[in-house]
Amino acid sequence: MIVILKHNTQEEKRNQLIGWLKNQGVDVHISQGEYQTVLGLIGDTAKIDKDLVASLDMVDSVKIVTDPFKCCNRKFHPDDTIVEIGDVKIGGGNFCMIAGPCSVENEEQIVAVARSVKASGAQLLRGGAFKPRTSPYDFQGLKATGLELLKIAREETGLPIVSEVMAVNDLPLFDDVDVIQIGARNMQNFDLLREVGKLRKPVLLKRGLANTVKELLMSAEYIMAGGNEQVILCERGIRTFDDYTRNTLDLAVVPVLHELTHLPVIVDPSHATGVAKLVRPMALAAAACDADGLMIEVHNDPMHALCDGAQSLLPEDFDKLAKEVKAVREVTGK
């Protein structure tokens with residue numbers, strides 16, 4: 001249930017209503033917009049007398065929301081959420097380029113890539129330290145050492161860092177990581193989602209390989225229900241019958257998600273396609289369809305990368321892409 005208050009409602013009366021609603025056993029999510037205030041009621045709202053609430057002078061309207069996701073629902077929060085990482089903003093018209101190697105391999109590699117992508121306009125540095133791999137014999141990442149190397153790259157460039165956590169037990173290692181990534185394979189690791197929901201730092205949540213839009217939003221709901229509202233959604237391709245590309249990039253999900261949720265939505269064309277030459281056109285398409293950002297894999301020596309070299313761009317190719325993305329956004333009026 002959502003309660004929309006009239007413009008210029010007195011704060012004292014609003015707080016009295018919120019207090020009364022909480023005494024009825026529901027949580028109240030407050031969204032303060034420029035022209036209206038929306039109270040989102042979460043919990044057992046059956047005991048709330050809708051007609052009584054609607055009859056109050058301060059109330060403009062009362063609506064029943066049947067969607068299972070509440071906190072991330074745009075009906076509860078009409079204005080776009082802007083996630084801030086230091087001076088970097090994502091969402092609400094703010095576009096962000098996230099770039100870096102699939103895996104951190106050594107200090108020279110990660111620092112070199114960080115410097116090059118920053119020079120090209122990237123605002124966040126991505127790098128995998130813990131790597132979920134299909135084969136147990138593939139490179140699994142440098143783990144804690146990889147995180148320390150990411151921090152060195154941050155010191156050298158000033159770029160905030162993004163890295164994926166795979167297990168609840170590893171979360172203490174991420175205390176000094178600026179954005180925690182929940183990968184596609186962990187999108188429905190509900191224990192992990194609950195734990196990052198207790199944190200007060202941005203979480204980049206990737207869509208699972210075979211998950212629906214509703215399931216993605218319900219995973220975001222797990223995080224937000226814990227009190228962490230700094231969630232960024234990421235479309236990274238889904239598994240279909242086609243096997244020419246690594247996955248099928250579902251760009252239609254970007255406007256769909258913008259309609260359903262107030263959370264920022266970014267696109268990862270690198271994992272979606274798995275082919276470096278396809279990253280550019282898909283990245284440009286993502287920028288054109290109103291994505292709030294891109295996550296691009298960049299490696300200074302893709303031929304010898306320990307992980308996903310086939311989908312990684314060279315620094316000079318990323319530089320060209322960053323300029324083209326900017327041009328696309330200008331043409332589309334973003």
Side-chain angles (χ1 to χ4, degrees), residues 69 72 80-83 85 88-92 94-102 122-128 130-132 160-166 174 177-189 192-193 196-197 201-224 228-239 245-258 260-274 279 282-283 285-287 289-298 308 311 325:
F69 49 93
C72 63
D80 290 341
T81 285
I82 299 174
V83 175
I85 307 105
V88 180
K89 296 181 179 180
I90 306 177
N94 301 283
F95 189 86
C96 180
M97 293 286 279
I98 306 170
C102 181
Q123 296 139 292
L124 295 177
L125 173 66
R126 64 143 293 147
F130 293 80
K131 297 301 302 178
I161 54 178
V162 183
S163 198
E164 179 177 353
V165 65
M166 290 173 53
F174 287 75
V177 172
D178 301 290
V179 181
I180 293 179
Q181 177 180 310
I182 303 295
R185 293 172 176 85
N186 270 317
M187 193 205 84
Q188 290 186 307
N189 183 338
L192 183 57
L193 296 177
V196 297
K201 67 167 58 185
V203 176
L204 194 158
L205 177 65
K206 285 197 167 188
R207 183 183 182 185
L209 282 72
N211 288 109
T212 65
V213 170
K214 181 180 289 186
E215 288 169 341
L216 172 61
L217 291 175
M218 290 308 297
S219 290
E221 193 77 8
Y222 264 91
I223 299 170
M224 299 184 73
N228 188 351
E229 299 182 351
Q230 302 179 79
V231 180
I232 305 160
L233 303 177
C234 180
E235 163 59 29
R236 46 81 67 211
I238 53 175
R239 179 171 291 174
T245 56
R246 182 175 182 177
N247 296 282
T248 298
L249 181 57
D250 182 11
L251 286 181
V253 81
V254 176
V256 168
L257 285 171
H258 279 316
L260 294 174
T261 181
H262 52 90
L263 299 176
V265 182
I266 71 168
V267 173
D268 175 357
S270 300
H271 277 93
T273 64
V279 171
M282 291 299 94
C289 74
D290 208 19
D292 295 302
L294 291 166
M295 176 177 272
I296 308 291
E297 291 197 354
V298 180
D308 288 343
Q311 65 196 38
V325 167

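Only this structure's heavy atoms are used, side chains among them; waters, hydrogens and symmetry mates stay out. If you read the sequence from its start, that first residue is 1, and numbering goes on from there.
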Just how far is it from atom [atom1] of [X] to atom [atom2] of [Y], taken to the nearest 0.5 Å?
{"X": "E221", "Y": "C72", "atom1": "CD", "atom2": "SG", "result": "4.5 Å"}
{"X": "I98", "Y": "I90", "atom1": "CD1", "atom2": "CD1", "result": "5.0 Å"}
{"X": "R246", "Y": "R236", "atom1": "CZ", "atom2": "CZ", "result": "6.5 Å"}
{"X": "C96", "Y": "I85", "atom1": "SG", "atom2": "CD1", "result": "6.0 Å"}
{"X": "C234", "Y": "D268", "atom1": "SG", "atom2": "CG", "result": "5.0 Å"}

Using side-chain heavy atoms (C-beta onward) and a distance below 4.5 Å, is [X] in contact with [Y]?
{"X": "V265", "Y": "V253", "result": "no"}
{"X": "V254", "Y": "H258", "result": "yes"}
{"X": "L216", "Y": "N211", "result": "no"}
{"X": "L204", "Y": "K206", "result": "yes"}
{"X": "V162", "Y": "M295", "result": "yes"}
{"X": "P132", "Y": "N186", "result": "no"}
{"X": "D292", "Y": "V83", "result": "no"}
{"X": "L205", "Y": "L233", "result": "yes"}

Can you name the nearest heavy-atom pair linking [X] to [Y], along with the distance?
{"X": "I266", "Y": "L294", "value": "CB-N, 4.4 Å"}
{"X": "G100", "Y": "L125", "value": "CA-CD1, 4.1 Å"}
{"X": "P269", "Y": "T273", "value": "O-OG1, 2.9 Å"}
{"X": "I161", "Y": "D178", "value": "N-OD2, 2.8 Å"}
{"X": "M224", "Y": "V231", "value": "CG-CG2, 3.8 Å"}
{"X": "G208", "Y": "I238", "value": "O-CG2, 3.9 Å"}

Is there a donor-acceptor contact under 3.5 Å from the side chain of [X] to the main chain of [Y]?
{"X": "D290", "Y": "P255", "value": "no"}
{"X": "E297", "Y": "H271", "value": "no"}
{"X": "R126", "Y": "S163", "value": "no"}
{"X": "Q123", "Y": "M97", "value": "yes"}
{"X": "D80", "Y": "P264", "value": "no"}

Please report the C-alpha distance between L257 and L263 in whole Å, then the side-chain angles of each, then the deciding distance to 0.1 Å, and finally whether the side-chain contact (heavy atoms from CB on, under 4.5 Å) criterion is met. CA-CA 8 Å; L257 285 171; L263 299 176; over 6 Å; no
Is there a side-chain contact (heavy atoms from CB on, under 4.5 Å) between F69 and T261 once you walk through the steps? CA-CA 9 Å; F69 49 93; T261 181; 5.9 Å; no
Does a salt bridge link D308 with K131, judged by any charged N lying under 4.0 Å from a carboxylate O? no
Between E215 and M187, does the side-chain contact (heavy atoms from CB on, under 4.5 Å) criterion hold? Intermediate values first, please. CA-CA 9 Å; E215 288 169 341; M187 193 205 84; 4.1 Å; yes
Got a sec: does the NZ of K201 have more than 12 other heavy atoms crowding it under 6.0 Å? yes
Determine, step by step, whether I232 and V203 satisfy the side-chain contact (heavy atoms from CB on, under 4.5 Å) criterion, reporting the C-alpha distance in whole Å, the side-chain angles of both residues, the deciding distance to 0.1 Å, and the verdict. CA-CA 6 Å; I232 305 160; V203 176; over 6 Å; no
